[in-house]
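Some notes on the structure that comes next.
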Amino acid sequence: MAEPRYATFLPPPGADFRFLMNSIERGRARTASAGVKRVLVDLLALQDEPQEIESLLLGHHVGVHLSGLDRIAVLLSREIAFSETVAQRLGANMRVFDSRVAAIAWLESAETSVTGF
């Protein structure tokens, strides 16, 4: 069985938004040292799902700290397009998904263009 072409970030059950922001800040060094270029950020286990302001902060943090990655798929129970837009305007190829299957398909696809501009 082939190894996945992406790494998964899975916060522990009950993690809060502050934990998520701190993890994203540390994520750049961890992905670089592992040679990872694509990441699935699974936020379904967060204590509280990000609301509008938190979603903007999420997009900003991903854009600032993870923009060197090829792709970042964020998995939420609902799609939040403006989070995606903020990250993309900061140079990160991030997309938000409400389907794990769709997120993984995008991470594993050969397509290389940044969307959302």
Side-chain angles (χ1 to χ4, degrees):
M1 186 167 143
E3 290 188 34
R5 295 176 48 194
Y6 60 91
T8 300
F9 169 69
L10 182 63
D16 62 8
F17 194 72
R18 183 180 304 235
F19 177 89
L20 173 63
M21 295 292 101
N22 289 334
S23 296
I24 289 171
E25 290 171 12
R26 293 187 310 271
R28 176 72 169 192
R30 287 186 292 181
T31 56
S33 67
V36 172
K37 298 301 279 177
R38 296 180 182 199
V39 175
L40 173 65
V41 181
D42 185 343
L43 301 183
L44 295 177
L46 279 182
Q47 182 176 335
D48 296 310
E49 185 169 279
Q51 299 302 310
E52 289 184 20
I53 297 300
E54 288 96 353
S55 296
L56 289 170
L57 290 171
L58 171 64
H60 179 267
H61 249 59
V62 167
V64 168
H65 297 286
L66 301 178
S67 61
L69 298 176
D70 289 345
R71 294 182 189 194
I72 305 108
V74 177
L75 185 60
L76 290 165
S77 62
R78 62 186 170 88
E79 291 187 30
I80 304 172
F82 48 82
S83 179
E84 191 174 287
T85 302
V86 170
Q88 290 173 356
R89 294 206 177 180
L90 290 168
N93 191 8
M94 179 186 117
R95 289 194 48 198
V96 177
F97 296 89
D98 60 1
S99 162
R100 183 179 311 279
V101 171
I104 292 171
W106 181 70
L107 285 171
E108 292 181 338
S109 73
E111 170 191 330
T112 58
S113 64
V114 176
T115 60
F117 288 100

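Each residue takes its place number in the sequence, starting with 1.
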Nearest heavy atoms of S83 and M94, plus distance in Å: OG-CE, 3.4 Å

Please say yes or no: joined through hydrophobic side-chain contacts below 4.5 Å, possibly via intermediate residues, are I53 and V64 part of one cluster? yes

Dump the intermediate steps for side-chain contact (heavy atoms from CB on, under 4.5 Å) on L20 and E54, then the final yes or no. CA-CA 11 Å; L20 173 63; E54 288 96 353; over 6 Å; no

Do L10 and L69 belong together in a cluster built from hydrophobic side chains that touch within less than 4.5 Å? no

Exam field: side chain E84 to backbone G59, donor-acceptor pair closer than 3.5 Å: no

Do M21 and I24 make a side-chain contact, defined as non-hydrogen atoms from C-beta onward lying under 4.5 Å apart? yes

Of I104, D42, D98, V96, the residue whose pairing with L75 passes side-chain contact (heavy atoms from CB on, under 4.5 Å): D42

Determine yes or no for a side-chain-to-main-chain donor-acceptor pair under 3.5 angstrom, with K37 supplying the side chain and G68 the backbone. yes

Could you tell me which non-hydrogen atom of V39 sits nearest to which non-hydrogen atom of L107, and how far apart they are? O-CD2, 3.7 Å

Closest contact, heavy atoms only, L58 versus F17: N-CZ, 4.2 Å

For H61, the ring-ring contact (aromatic ring centres under 6.0 Å, His included) test, sequence neighbours excluded, returns H65

For F9, which of V74, V41, I72 qualifies under side-chain contact (heavy atoms from CB on, under 4.5 Å)? V41

So R95 and Q88, do their side chains get closer than 4.5 Å, heavy atoms only? yes

Side-chain contact test, heavy atoms from C-beta onward, threshold under 4.5 Å: evaluate it for D70 versus N93 and give yes or no. no

Results of side-chain contact (heavy atoms from CB on, under 4.5 Å) for S67 - residues two or more places apart only: A92

